[in-house]
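Step one of this worksheet: look at the structure below.
Chain A is the first sequence line, chain B the second, and so forth, proteins listed ahead of strands; every chain is numbered from 1. As the structure is a computational prediction, the values presented were derived from the model and not from experiment.
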Number of protein chains: 2
Amino acid sequence: MDDDPRVRTWAPACRAVAALLGPYAEVVLHDPGTDRIMAVWNPMSTRGPGDPSLLGELDALDPSAPDVFGPYEKLLADGRRLSSVSAILRDADGRPSAVLCVNLDRTPLEQAAAVLSAFGAPTASRPEPLFEHDWNERVQHVVGSYVRECGRPVERLTRADRLAVLGRLEEAGVFAVRRATPVVARALAVSRSTVYGLLAELRAPNTKDHAR
Amino acid sequence: MDDDPRVRTWAPACRAVAALLGPYAEVVLHDPGTDRIMAVWNPMSTRGPGDPSLLGELDALDPSAPDVFGPYEKLLADGRRLSSVSAILRDADGRPSAVLCVNLDRTPLEQAAAVLSAFGAPTASRPEPLFEHDWNERVQHVVGSYVRECGRPVERLTRADRLAVLGRLEEAGVFAVRRATPVVARALAVSRSTVYGLLAELRAPNTKDHAR
DNA sequence: TCCAAACTGGACATAGAGTCCGGCCATGGA
DNA sequence: TCCATGGCCGGACTCTATGTCCAGTTTGGA
């Protein structure tokens, strides 16, 4: 399919964008006739050439629609948020030749933004923590920091990750607070049972060594 | 110049990229024949259509070079650093039709990174202000201070005194901690019942105003 | 595709939190 | 001296939160 003249035509532009945006952007060329993917650069999902386009990316084919569509937000199955644009690419005669779709993963940027906003006045201005009325917030902060560190959203954390987070929370004394466990469970997107299970494992004088 | 068929051909793709990357990316279409700019989206410099390409962006025209060039770093006059890619776009016959150049301003990201690393250590290394594992001690402290203030030993405190102390403890969030009440009771040399009684009175939306 | 490990949601047992109440003791007025 | 009163005590009691357990389901790998 690489020898499709349309792919040959548009590939350089696609490769350029894919190269510029590194691993955070996926560039897809759709065939507007067959509604299938002609080529993909930096695939983020498992779709490949020949697969149906799905996703309604081709809505833009509506003749009354503008040639460039977006940016709009798309959600991946694993929770990543994408900023997407589509463009109808035309041949010399003005007929649709391909549909270009660029999907930019904004998760890393949003994580960075989250870190940024996590700092700011609060850190400095926290005069006397008093007793952390907002231990709640602290839980979010610990979880959030960890997520940012390892670059995975909460839902994608591994068992080991969760153990590590719980370790930090435990160390921070969070579980000495009333009603803390359910809050932690929610923050970790996990059930109360699981929290107790992991906690037991963590507290056991046993086997595994836990990273902090 | 907008009616140049080459611009018509490539514009949608350019607009799409420009739209996706917002104000941080400049998309330029060069005419490889005249070494001039055909079109610009999100211009970051003052260059416009018809201006000479300058910048050696067209080095890529070397026939032995690959069609996609970069990303490489460029420096703007005002100090901004760009990540750039260029791509040679060809017509149906394989002849160079235009040179696409996308310049991504990495300054905002680098600033963010700088902030991040400046604060970096703190985030990770925050040894954990602990969670006042010694809230216990804090209780003693509050009670002790009060006793010193009014010069009466704990056993001689009046009802009002006790209310005041409980007010402070409450405000400090002590009662959000598990098992705190009995500790407080002991610190006040008073029974658990009494603490709950006073606390109820304190929390009631009622009568007396309590000094803090 | 299949399996084992991991997670879930709910049932359950128990501890802790908070309420109530009868009785005790100190104070103060007659 | 005696009683009335207000406040505290301690223990019984209820209800909520905590922690455990288990069977059923999901999920990530081989």
Side-chain angles (χ1 to χ4, degrees), chain A residues 44-46 76-80 131 133 135-136 139 143 146-147 150-167 169-170 172-208 210-211, chain B residues 131 135-136 139 143 146-147 150 152-167 169-208 210:
Chain A
M44 293 200 298
S45 48
T46 57
L76 239 46
D78 62 6
R80 282 182 292 178
F131 193 53
H133 260 132
W135 55 275
N136 209 307
V139 170
V143 175
Y146 190 95
V147 163
C150 71
R152 247 170 323 216
V154 159
E155 312 84 33
R156 298 246 132 200
L157 290 182
T158 74
R159 180 186 179 75
D161 289 332
R162 289 196 257 268
L163 276 172
V165 174
L166 286 181
L169 290 171
E170 165 104 308
V174 165
F175 296 103
V177 174
R178 308 181 55 188
R179 256 151 287 172
T181 313
V183 172
V184 170
R186 236 170 298 128
L188 235 32
V190 119
S191 78
R192 213 169 56 90
S193 309
T194 302
V195 170
Y196 283 119
L198 296 173
L199 229 35
E201 180 170 337
L202 196 59
R203 286 164 177 167
N206 68 351
T207 51
K208 291 279 185 169
H210 323 290
Chain B
F131 189 51
W135 54 275
N136 213 308
V139 171
V143 175
Y146 191 95
V147 164
C150 71
R152 254 174 317 228
V154 169
E155 311 82 33
R156 301 268 148 113
L157 290 183
T158 76
R159 180 184 179 75
D161 289 332
R162 290 196 255 269
L163 275 173
V165 175
L166 285 181
L169 289 171
E170 165 105 305
E171 202 166 346
V174 165
F175 296 104
V177 174
R178 312 182 57 185
R179 253 153 287 170
T181 314
V183 172
V184 170
R186 234 169 300 130
L188 274 179
V190 122
S191 80
R192 214 168 55 92
S193 313
T194 303
V195 171
Y196 282 119
L198 296 173
L199 230 33
E201 181 170 335
L202 195 60
R203 287 164 178 167
N206 69 350
T207 54
K208 292 279 187 165
H210 321 289

A/E155 atom CD is separated from C/dC7 atom P, nearest whole Å, by 14 Å
Check every atom of C/dT8, C/dA17, D/dT18 against the side chain of A/R179 and return the nucleotide holding the closest atom. D/dT18
Value rounded to 0.5 Å, distance of CG in A/L163 from CG in A/L199: 9.0 Å
Can you measure A/E201 atom CD to D/dG19 atom P for me and round it to whole angstrom units? 17 Å
Residue A/R178, side-chain heavy atoms: nucleotide from C/dC7, D/dC8, C/dA17 that is nearest: C/dA17
Whole Å only: how far is the CZ atom of B/R162 from the P atom of D/dG7? 11 Å
Atom pair CZ/OG1 of A/R186 and A/T181 - distance to nearest 0.5 Å: 11.0 Å
How long is the span from the CZ atom in B/R162 to the CG atom in B/L169, to the nearest 0.5 Å? 13.5 Å
Under 4.0 Å, counting only non-hydrogen atoms across every strand here, what does B/R192 touch: a base, just sugar-phosphate, or nothing? base
Using whole Å, report how far CD of A/E170 lies from P of D/dG19. 10 Å
To the nearest Å, give me how far apart CZ (B/R159) and C1' (D/dC9) are. 14 Å
Checking contacts here: which listed nucleotide (C/dC7, D/dT18, C/dC20) is nearest the side-chain heavy atoms of B/S193? C/dC20
Rounded to whole Å, the CG-C1' distance (A/D161 to C/dA6) equals 14 Å
Rounded to whole angstroms, how far apart are CG on A/L198 and P on C/dA5? 16 Å
Counting side-chain heavy atoms from C-beta on, which of C/dC7, C/dT19, D/dC9 comes nearest to B/Y196? C/dT19
Rounded to the nearest 0.5 Å, the CD atom of A/E170 sits from the CG atom of A/L198 at a distance of 12.0 Å
Enter the distance from B/D161:CG to B/R156:CZ here, rounded to the nearest 0.5 Å. 13.0 Å
For the residue pair A/V165 and A/V184, establish whether any side-chain heavy-atom pair is separated by less than 4.5 Å. no
The test is side chain to side chain contact (heavy atoms under 4.5 Å, CB included); show your working for B/V177 and B/N136 and say whether it passes. CA-CA 10 Å; B/V177 174; B/N136 213 308; over 6 Å; no
Report the nucleotide, chosen from C/dG18, D/dG19, D/dC8, that has the shortest atom-to-atom distance to any side-chain atom of A/T181. D/dG19
Just the atom pairs and distances: protein N or O near nucleotides 26-28 of chain C's N or O, under 3.5 Å.
none

A/R156 CZ to D/dG28 P, straight-line distance once rounded to whole Å: 7 Å
Nearest of D/dC8, D/dC21, C/dG18 to any side-chain atom of B/T194? D/dC8
